[in-house]
Amino acid sequence: VATPEPCDVLVIGAGAAGAMITRVLAEAGIDVVCLEQGDWTTPADRPHGGADWEWRRLTDFSTEPNQRRRSADYPVDTLDEHTLMWNAVGGSTAIYTALWPRLRPSDFRKGDEHGLAPNWPISYEELAPCYDRVDLMVGTSGLVGDPAMPPRGPFATPPLPLGKSGRYIAQAFDRLGWHWWPMPAAVLSEAWQGRPGCNHCGGCVSGCPRGALADAAVALWPRALARGARLVTGARVERIETDAAGNATGAVYLDQASGERRFQAARLVVLSANGVGTPRLLLLSDSARFPRGLANGSDQVGRNLMHHTLVSAEIWLDARLDGFQGFVGALISSQFAEGDPARGFVNGFNFNVARGSGPGMTAVRTFARRPAPWGATHHAWFRRHFAHSFRVHAIGDDLPQAENRVTLSPTLKNSSGLPAPRIAYKPHAEDWRQMAFMRGPLQQIAEAAGAFDIAINDYVDADGVYRTPAWHLLGTARMGGDPATSVIDRWHRAWEVPNLYIVDGSSMPTGGVVNPTATISALALRAAEHIRDVAAREPPLA
Amino acid sequence: VSLALSDATLESLLGQLLPGDSAFPSASILGLATTVRARLATLGGADAEARIAAALLTGDLAAIERDRPTLFDLLRRAVYLSYYEAPAVIAAIRGLGIDYRGAPQPRGYDLGRFDPAVDAPRHGRGRWKPTTETRRGNA
């Protein structure tokens, strides 16, 4: 095993959290190395400039590693979901939608609110300053003053245009007397700090070749590298090593280009490999001292996996919306965001209102799961449906459950022989009631918009199994105040390994009703500054 | 015996799936066969084309849709996605008065700017529960 030059801090994973931590530490002059199993994604790699852009969205730019099977990907052993992740510099921000809403104060207090999920060990108020600062680090757009959220700091740029689709849909919410607001986005509406504004191409789901969207590869990494951070791509980490005292000493990784195994020694290790990759690596790092996996004496690693509840509607109108144009996220509605047991379930949900699709996806109709007819009626159908639709995703707070978990597959391995993650995920009875409830308001939105058709996708497939797209990977190494029921403390330090920090979606004890990347980024900034200001002054770093 | 779709058979299938009309060309005249074959293999494996050919020995497209829905879906996906990226089809869409440009970049679209006077919500609706008020029984 080769041994590169040791570093002060080793970060595993170059996604939203890993990039933020690396940047903050590098800016403080700390010697930091980041290992990333994927590579850079260049603008030319992306589908946006080709005629086959819709095809590639379903194939080599699929959000599912099991579909696209790139060399940097590892397989996921599951029949319960369609796990989203991207393995590259920037992590899944390379292909995320950059919806950038925040958690709300009550999301941190579900233990107090109903007791079916834990309180976070931190409050919204503690995280709010980091949310504000992150927005001005990565580049965002939006409108302040949302009455459904606490007062907040400014966005980097003004809101993205609503366009004709956003304006039309907003009127539908007004007819219902429901809350709506322009979607907060990690997408620039105008040039900012050397990056261009969005040109509304509508291809956000495959990332952004312009750099207007805050992929961590463009929003965070350039500055981290300029400040001396060392990023090693093609580095597939196999395990985190520990010494006799139980401290992390670094990580063994396979350099995929050379086939060489290397040990990167470090005085402090940060694990940011996403809500599936992080528990997988902890479980792979078992030893005589940690027989159930690293930091897993409590048997909490991998448990409490959350994805959010999800029911989607595709809605068709006589009006032309041209929803293939523009940023995918048009509006957000927090009408049902706060939990209310009178509805028959405890947690709340939001509506993410998305624009329509290109012509190929319109015909294939993956969201609606009702493909366009073939034969003589096809073109009449197409005229009526293309550029006439919008989508509403009802996204709710699913409950953490011990048996929803990531373990190591006993049968499936990646290309270098490491066990794949196995994922088991089933909604809680509360979640089922919430998803059943969501159908009613989705119908109401369609009626208020004057729709001629609506297709609701509950993600229950032909086998009767709920197989969520699993866009968000949360909860599997959660923070808490009790080592018996959590993996990390309020500063992301592993209870059992004092120089191991875990920072990504796995850290979140609950998921709220929103896309999580703004929260993951704010948590990462907070953890990074703690490492910089406190942990770096303690042994073994001091 | 490994079956394959002849070009004539495949183009006939394309024409049945997506015939032309007053604005849109038939999929059979767009030279899509090579692309569709490759995409069938990507979606359904190297034998996808042979499975379709075998199914056609005992039934027509409607029968495949009814009896082999997964196989039919592969074919439909490959054909629809190939069709709607063809320049002649993009031109037909534009002929409907829709400003669809095909590949999203580099041109994108002009959506104007967010106009606070027109676009900012004025409804005043929405609420959030403060940390100190988050407790059981306080919905």
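These values consider heavy atoms only, across backbone and side chains, with no hydrogens, waters or symmetry-generated copies. Protein chains get the first letters and strands the later ones, always in sequence-line order, with residue 1 at the start of each.
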When [options] are compared by non-hydrogen pairs under 4.5 Å with chain B, the top option:
options                                    : result
Pro341(A), Pro43(A), Ala372(A), Gly50(A)   : Ala372(A)
Glu125(A), Arg109(A), Met149(A), Arg46(A)  : Met149(A)
Pro182(A), Ala387(A), Gly166(A), Gly145(A) : Pro182(A)
Lys164(A), His114(A), Arg383(A)            : Arg383(A)
Ser141(A), Gly163(A), Gly177(A)            : Gly177(A)
Phe108(A), Trp181(A), Phe382(A)            : Phe382(A)

Heavy-atom distances under 4.5 Å only: say whether [X] touches chain A with side chain, backbone, both or neither.
X         : value
Ala23(B)  : both
Pro121(B) : both
Thr42(B)  : side chain
Val118(B) : side chain
Pro130(B) : backbone
Arg76(B)  : side chain
Glu133(B) : neither
Asp99(B)  : both

Between [X] and chain B, with a heavy-atom cut-off of 4.5 Å, which part of the residue counts as in contact: side chain, backbone, both or neither?
X         : value
Trp178(A) : backbone
Glu190(A) : side chain
Glu113(A) : both
Asp322(A) : side chain
Phe173(A) : backbone
Ser106(A) : both
Pro150(A) : both
Leu160(A) : backbone
Ala363(A) : both
Ala51(A)  : both

Answer yes or no: is there an ion pair linking [X] with [Y], defined by an N-O contact shorter than 4.0 Å?
X         : Y         : answer
Asp112(A) : Arg136(B) : no
Arg77(B)  : Glu54(A)  : no
Arg125(B) : Asp146(A) : no

Phe386(A) six-ring centre to Arg384(A) NZ/CZ under 6.0 Å and within 45° of normal: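 The answer is no; the distance or angle limit is not met.
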Row check, Phe324(A) ring normal vs Arg101(B) NZ/CZ: under 6.0 Å, within 45°: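 Ring-cation test returns no.
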Where [X] and [Y] come nearest, the two heavy atoms and their spacing:
X         : Y         : answer
Gln325(A) : Leu111(B) : OE1-CD1, 3.6 Å
Trp55(A)  : Leu81(B)  : CE3-CD1, 3.8 Å
Leu213(A) : Cys208(A) : CB-CB, 3.4 Å
Tyr84(B)  : Ile93(B)  : CD2-CD1, 4.1 Å
Leu32(B)  : Ser82(B)  : CD2-O, 3.9 Å
Pro159(A) : Phe114(B) : O-CB, 3.3 Å

Heavy atoms from other residues, nucleotides or ligands near CZ of Arg69(A) exceed 12 (cutoff 6.0 Å):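 Counting neighbours around CZ of Arg69(A), 12 or fewer heavy atoms of other residues, nucleotides or ligands fall under 6.0 Å, so no.
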Full working for side chain to side chain donor-acceptor pair (under 3.5 Å) between Thr9(B) and Ser6(B): CA-CA 5 Å; Thr9(B) 302; Ser6(B) 68; 2.8 Å; yes
Geometric class of the His378(A)/Tyr80(B) ring pair [parallel <30°, tilted 30-60°, perpendicular >60°]: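 Answer is tilted, since the angle falls between 30° and 60°.
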Using a cut-off of under 4.5 Å for heavy-atom pairs, which of [options] has the most such pairs with chain A?
options                                   : answer
Leu96(B), Leu61(B), Thr35(B)              : Leu61(B)
Ile98(B), Thr132(B), Leu18(B)             : Ile98(B)
Gly126(B), Pro104(B), Pro87(B), Ala103(B) : Pro104(B)
Ala120(B), Gly108(B), Pro116(B)           : Gly108(B)

is_close_aromatic(Tyr109(B), His200(A)), centroid dist under 6.0 Å: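 No; His200(A) has its ring centre 6.0 Å or more from that of Tyr109(B).
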